[in-house]
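Just so it is clear, the values below take in all heavy atoms, side chains as well, and ignore hydrogens, waters and symmetry mates.
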Amino acid sequence: MKHLWVCLMLVLVLLLLGSERAESKKYLRCELTRVLVENYNFDKTFLSNWICLVEHESYLDTTKITLNKNDSKNYGLFQINSKDYCAEGRKGGQCNMKCEDFSNDDIGDDIACARMIQEREGFKYWKGWDRFCRNPQNLPNLRVACNLRSLSPLRTPRSFYYVSG
C-alpha cells in the first residue's frame, strides 16, 4: 500500500510540474498560414509579408527570445521588443502586455500586438523583414505552396462580436 501511495504522489508531482511549463510551438510555413487566415482573419494580400517576417525573426518558433545589444529582449513568434511594446514580469509597454506571454503557444496576444506595431511602424519595424522580405521577389508564394486560395476565415467578422443573452 505504501508503494502505491508513493507512486501516486510521484505522478501528482509530475503532473503539477508539467502544468507549470509554458507550452511551445514550432510552426510549419503552411500550418501558420492556415492558422493566421482561418483563426485570426489575416488579409491574404499581406500574408506573404507576415510569413516571411516570422520565418526570419523567430524561425516560426513561439518560444524564441533574443537578447539585444541594448539589453532589451525580443519575444516570441513576432520578436516583440521589451523596450517599447511589453514589460518583463508585468504588463506594460505600448501593447500593455507581459513580455513572457509572447513566448508560449497562445499567439492571439502576439498577433494583437504585432498588428498594432505594423499599423504604427509598418513591416520595417522588424529587421528580419527589412533585410530579407522587403523585395517582393523574396516573399514566399503561399498561393502555390500552401494553397492559399482555398483558405478562408472559420468565423465571419460579425461572429467575433456575438454575445448570447
Side-chain angles (χ1 to χ4, degrees), residues 16-143 145-146 148 151 153-155 157 159-161 163:
L16 288 173
L17 288 174
S19 68
E20 294 297 316
R21 289 183 325 164
E23 294 294 319
S24 65
K25 174 78 175 152
K26 176 128 173 137
Y27 283 94
L28 300 172
R29 175 187 277 178
C30 293
E31 176 187 21
L32 183 59
T33 298
R34 188 184 76 252
V35 167
L36 294 179
V37 171
E38 292 180 348
N39 298 357
Y40 296 98
N41 203 21
F42 267 66
D43 184 351
K44 293 178 186 180
T45 306
F46 297 106
L47 196 56
S48 290
N49 284 279
W50 284 109
I51 294 297
C52 186
L53 176 159
V54 169
E55 286 178 338
H56 291 285
E57 288 289 333
S58 67
Y59 308 105
L60 302 159
D61 185 353
T62 62
T63 61
K64 175 125 171 122
I65 299 173
T66 306
L67 181 60
N68 299 311
K69 291 177 185 175
N70 66 359
D71 290 330
S72 69
K73 293 178 187 168
N74 296 338
Y75 286 85
L77 202 56
F78 296 95
Q79 291 292 279
I80 296 169
N81 188 267
S82 63
K83 183 177 177 239
D84 299 316
Y85 288 99
C86 61
E88 294 177 321
R90 61 178 172 75
K91 286 187 172 189
Q94 294 179 46
C95 290
N96 194 32
M97 289 295 304
K98 193 165 113 177
C99 295
E100 295 82 0
D101 289 343
F102 294 136
S103 295
N104 58 29
D105 66 350
D106 175 9
I107 63 171
D109 48 6
D110 308 48
I111 287 170
C113 187
R115 282 178 159 165
M116 188 195 77
I117 294 168
Q118 195 278 331
E119 285 174 11
R120 290 180 177 186
E121 301 191 42
F123 287 112
K124 68 184 182 315
Y125 165 81
W126 290 277
K127 288 181 176 80
W129 181 89
D130 197 43
R131 185 169 177 202
F132 298 102
C133 310
R134 178 184 285 271
N135 182 343
Q137 291 178 333
N138 295 338
L139 296 176
N141 186 344
L142 301 175
R143 191 166 285 178
C146 303
L148 185 59
L151 300 178
L154 295 177
R155 299 178 283 183
S159 68
F160 289 118
Y161 302 106
V163 178

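Here the closest heavy-atom approach between residue Thr33 and residue Cys146 is recorded as OG1-SG, 4.1 Å. Taking both residues in full, the closest heavy atoms of Leu60 and Leu28 are given as CD1-C, 4.2 Å, listed atom of the first, atom of the second, then distance. Across Asp110 and Gly76, no two heavy atoms sit closer than the pair OD2-CA, 4.4 Å. The two residues Thr63 and Ser103 have their closest heavy-atom pair at CG2-O, 3.7 Å.
Summarising the geometry, atom OH belonging to Tyr85 is positioned 9.5 Å from atom CD1 belonging to Ile80; distances are rounded to the nearest 0.5 Å. Between the CG atom in Leu148 and the CG atom in Asn141 there is a gap of 9.0 Å [rounded to 0.5 Å]. Atoms CZ and SG, on Phe102 and Cys113 in that order, are 4.0 Å from each other to the nearest 0.5 Å. Once rounded to the nearest 0.5 Å, the distance linking CZ of Phe123 with CH2 of Trp50 reads 5.0 Å. The NZ atom of Lys26 sits 7.5 Å away from atom OG of Ser58, with the distance rounded to the nearest 0.5 Å. The CD atom of Gln79 sits 9.5 Å away from atom CG of Leu53, with the distance rounded to the nearest 0.5 Å.
Residues Thr62 and Asn104 are not in side-chain contact: their nearest non-hydrogen atoms beyond the backbone lie 4.5 Å or more apart. Contact of the Val37 side chain with the Leu47 side chain is registered, since non-hydrogen atoms from C-beta on lie closer than 4.5 Å. Counting heavy atoms from C-beta on, the side chains of Glu121 and Met116 never come closer than 4.5 Å. With a 4.5 Å cut-off on side-chain heavy atoms, Ile117 and Trp126 count as touching. With a 4.5 Å cut-off on side-chain heavy atoms, Asn74 and Ile65 do not count as touching. Residues Leu36 and Ile111 meet the side-chain proximity criterion, which asks for heavy atoms closer than 4.5 Å. Between Arg134 and Lys124 there is a side-chain heavy-atom pair separated by less than 4.5 Å. The shortest side-chain heavy-atom distance between Tyr27 and Val35 falls under the 4.5 Å cut-off.
Between the side chain of Lys73 and the backbone N or O of Lys83 there is no donor-acceptor pair closer than 3.5 Å. Using a distance-only test at 3.5 Å, with no hydrogens or angles considered, no donor-acceptor pair links the side chain of Gln118 to the main chain of Arg115.
A side-chain donor from one of Asn81 and Ser72 sits under 3.5 Å from a side-chain acceptor of the other.
For residues 55-64, the set of pairs meeting the salt bridge (Lys or Arg N to Asp or Glu O under 4.0 Å) definition, not counting sequence neighbours, comprises Arg29-Glu55.
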Name every donor-acceptor pair, under 3.5 Å, that has one atom in a side chain of residues 89-98 and the other anywhere in the protein, sequence neighbours excluded.
from, atom 1, to, atom 2, distance (Å)
Gln94, OE1, Arg120, NH1, 2.3

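Cys133-Cys52 SG separation is under 2.5 Å; the pair is scored as a disulfide.
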